[in-house]
*Asks:* 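Take this structure, written in structure tokens, and hold onto it; I'll ask about it next.
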Amino acid sequence: MDQLGIPRLTHASGIVRLPGSKSISNRMLLLAALAQGTTEIRDLLDSDDTQVMLEALRKVGVGVTALGGNAWRVDGCGGLFPVKDADLFMGNAGTAIRPLTAALALSGGSYRLSGVPRMHERPIGDLVDGLRQIGADLRYAGNDGFPPLSIHPAAVNLGAPIRLRGDVSSQFLTALLMALPLTGQRAVIEMTTELISKPYIEITLNLMARFGVRVERDEWRRFTIAAGQSYRSPGILHVEGDASSASYFLAAGAIGGGPVRVEGIGKDSIQGDVRFADELEKLGATITWGNNWIEAAAPRGKLKAFDLDLNHIPDAAMTLAVAALFADGPCRLRNIASWRVKETDRIAAMATELRKLGATVEEGADYLAVSPAPTFIAAAAIDTYDDHRMAMCFSLAALAGVTVSINDPQCVNKTFPGYFDAFAEVTAPVIAIDGPSASGKGTVAERVAAALGYHYLDSGSLYRLTALAALRGGVALDDESGVAALAAGLPASFAGGRILLAGDDVTDAIRSEEISVGASKVAALPAVRGALLARQRAYRRFPGLVADGRDMGSVVFPAAVAKTFLTASAEIRAERRYKQLIAKGMPANMHALLQDLRERDARDAQRSVAPLQQCVDADRVDTTEMDIEAAVAAVMTVVRRQGL
Ligand code: DC
């Protein structure tokens, strides 16, 4: 089995762009498939669960085409699916199998639906009972009440209200609501129990309305769809970022200092799980809302102990179970019975894994009581039960100073394939080494990275590569937007100590004086710096990063755990450069080198954005009188002081 090691972490801060919402993605795909007209869906989630839905729709005759960049075109079939016989494999995607079962049952064909073994343990009986009441023909191919299922053509009659339970999963109601307009008849659904996870029904109603079908809602008891309504494509739609996925990052900000900002959801989100941020606020976190972002920062002390009814945010609530480890007293998560029938029995799984970290946990049929450990154990291997949310939640435990191994980490692909990289981008420790040209930063940074086993970013090489790409592409170095466009799509790669540009080895070419001067010029252009920002931040990976440049500590990684400003007199730097060039057999002139260096220092220090400067929180290391070993030792002293 694969394992992913997350080192002990001390701090979380940064920005995360969220992947598309799973709930919205799969609903939009189905509604677009049933609608008349073509829909373009942008920012669709790219994950196992959406792949399951896309594949099933293809099989029943819906035209789905990837447009690139997570945009998809869906050619709706304007009613019933054209293919009348199909075998459909639904993996473990609840948001795909439930709505499709209902739509297929009303499509007048023969279909067989199955999934992974766990899917065959996840209930679907309430939905099948609801559909049978109107005459649909569904049969269990395995155990009663569970997939696999077969569906057969049948005439349906909606004369009487459908009576439906709502206390096991709200997805059964979602499935019926989305499918019933296919009949063209007036449809009424009456709930026979309390309805759980109501915010998910709000998402369903909201999206149905965008496709032109209105549902009359009488409290949460009775839902009526007037006769003669059908879905029509609204044209282009955007998928919001996933609010459940946001919970891990917001919690990281609340636990690990922060601020951590998630982009892709905000004030006007239609997803119920954005309310997770309110719960986090009750624990003492500082939450700030934007139109398209939410930010979380930690309280001064620990998080406050809590006792909360979390029925309205069943998925994001799991994140609070792990956040409880960081609280100042015993915590209770209530009204979470639906956890038992999700990807795994999440109440049992959560209890078992929290205990591994030293917490005292009591589990009930519909609650979990978590008392944080007085002291954390040093290391733990976490089992994930083929449940993406278990894997994502427990990454947070590393912020308790625990070395965490996540077993079977690729289970996150269900909803968030790049999760651990995104998590590292806000939590992996960064050591920033800034300073002027030829101060020895490159060599020192590389050695410090090797000593710690960290990754290494030579940010100057990106500016050098940009200058080279501009010269080769005939783009003037002062053409800001032209050079920025090159920087944004720089075809650069780093392998085995060599630097490639569009496959060409340019390791030596980017070190020439011409490129040194060019790099300093393009580095003064704000749009170029902006274009390279996300690329530099993506180097922040586990177990950690050493980054050298001019603005590592000030702009790119302001929350770096250790910052040093490495400098030396201009004369000694020019002399070092001279010796380097001569050693490489390249022509060199001491006087010209010194003058160039002074000009570059001035340009780097005087530019309007991210000028070269010593951060207030950086340690100054003057290497004028030092050899490399002494300079490395001086930086390591700063690093060790941070407990790394
Ligand atoms: O570190 P270096 O000499 O390879 O950098 C080349 C140029 O790029 C230099 O003139 C300054 C600029 N640079 C920058 O502006 N910001 C960075 N983080 C790194 C380099």
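Counting starts at 1 for both ligands and their atoms, in listed order. Counting from 1, the numbers follow the sequence of the chain as shown.
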*Asks:* With heavy-atom distances below 4.0 Å as the criterion, list the atoms of ligand 1 near Ser520.
*Replies:* 10 (O)

*Asks:* Does a salt bridge link Arg598 with Glu571, judged by any charged N lying under 4.0 Å from a carboxylate O?
*Replies:* yes

*Asks:* Should you measure from each heavy atom of Arg607, which atoms of ligand 1 turn up under 4.0 Å away?
*Replies:*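 Matching atoms, with element in brackets: 14 (C), 15 (O), 16 (N).
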
*Asks:* Do Ser461 and Arg511 meet the criterion of a side-chain donor-acceptor pair at a distance under 3.5 Å?
*Replies:*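 No pair is found: no donor N or O on one side chain lies under 3.5 Å from an acceptor on the other.
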
*Asks:* Suppose we measure from atom 17 (C) of ligand 1 to each protein heavy atom; which comes out shortest, and what is that distance?
*Replies:* Arg550 N, 3.3 Å

*Asks:* So if I count the atoms of ligand 1 from 1 in the order they appear, which ones are less than 4.0 Å from some heavy atom of Ala523?
*Replies:* 12 (C), 15 (O)

*Asks:* Over 60° means perpendicular and under 30° means parallel, so tell me whether Tyr539 and Phe494 are parallel, tilted or perpendicular.
*Replies:* perpendicular

*Asks:* When you compare ligand 1 with Tyr463, is there at least one nitrogen or oxygen pair between them that comes in under 3.5 angstrom?
*Replies:*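 No.
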
*Asks:* List every atom of ligand 1 that sits less than 4.0 Å from any heavy atom of Met552, numbering the atoms from 1 in the order shown and giving each element.
*Replies:* 18 (N)

*Asks:* For ligand 1, which atoms sit closer than 4.0 Å to a heavy atom of Arg529?
*Replies:*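 Numbered from 1, ligand 1 contributes 14 (C), 15 (O), 16 (N), 17 (C).
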
*Asks:* Checking the N or O distance criterion of under 3.5 Å, is ligand 1 in contact with Ser459?
*Replies:*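 N/O-N/O distance under 3.5 Å: yes.
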
*Asks:* State the atoms of ligand 1, each with its element, that fall below the 4.0 Å cut-off from a heavy-atom position in Arg464.
*Replies:* 2 (P), 3 (O), 4 (O), 6 (C)

*Asks:* Are Tyr248 and Tyr419 near enough that their ring centres are under 6.0 Å apart?
*Replies:*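 So the answer is yes for these two rings.
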
*Asks:* Between Lys414 and Asp48, is there a salt bridge with N-O shorter than 4.0 Å?
*Replies:* no

*Asks:* Report, in ascending order of atom number, the atoms of ligand 1 lying under 4.0 Å from any heavy atom of Ala519.
*Replies:*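 That gives atoms 6 (C), 7 (C) of ligand 1.
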
*Asks:* Please say whether Ser516 places an N or O atom under 3.5 Å from an N or O atom belonging to ligand 1.
*Replies:* no

*Asks:* One thing to verify: whether Arg17 and Glu425 come together as a salt bridge, which I'm taking to mean a side-chain N less than 4.0 angstrom from a carboxylate O.
*Replies:*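 No.
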
*Asks:* In the protein, which heavy atom is nearest to atom 20 (C) of ligand 1, and how far is it?
*Replies:* Gly460 CA, 3.5 Å

*Asks:* Between Asp551, Asp604, Asp601, which one has a non-hydrogen atom sitting closest to atom 18 (N) of ligand 1?
*Replies:* Asp551

*Asks:* Looking only at the side chains, is there a donor atom on one of Arg576 and Thr443 sitting less than 3.5 Å from an acceptor on the other?
*Replies:*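 No pair is found: no donor N or O on one side chain lies under 3.5 Å from an acceptor on the other.
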
*Asks:* Run the numbers for me: atoms of ligand 1, each under 4.0 Å from some heavy atom of Lys441, listed by number.
*Replies:*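 Counting from 1, the qualifying ligand atoms are 1 (O).
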
*Asks:* So, Arg641 and Asp619, do they make that salt bridge, N to O below 4.0 Å?
*Replies:*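 Salt bridge flag = yes for Asp619 with Arg641.
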
*Asks:* Side chains of Asp505 and Thr507: donor-acceptor distance under 3.5 Å anywhere?
*Replies:* yes

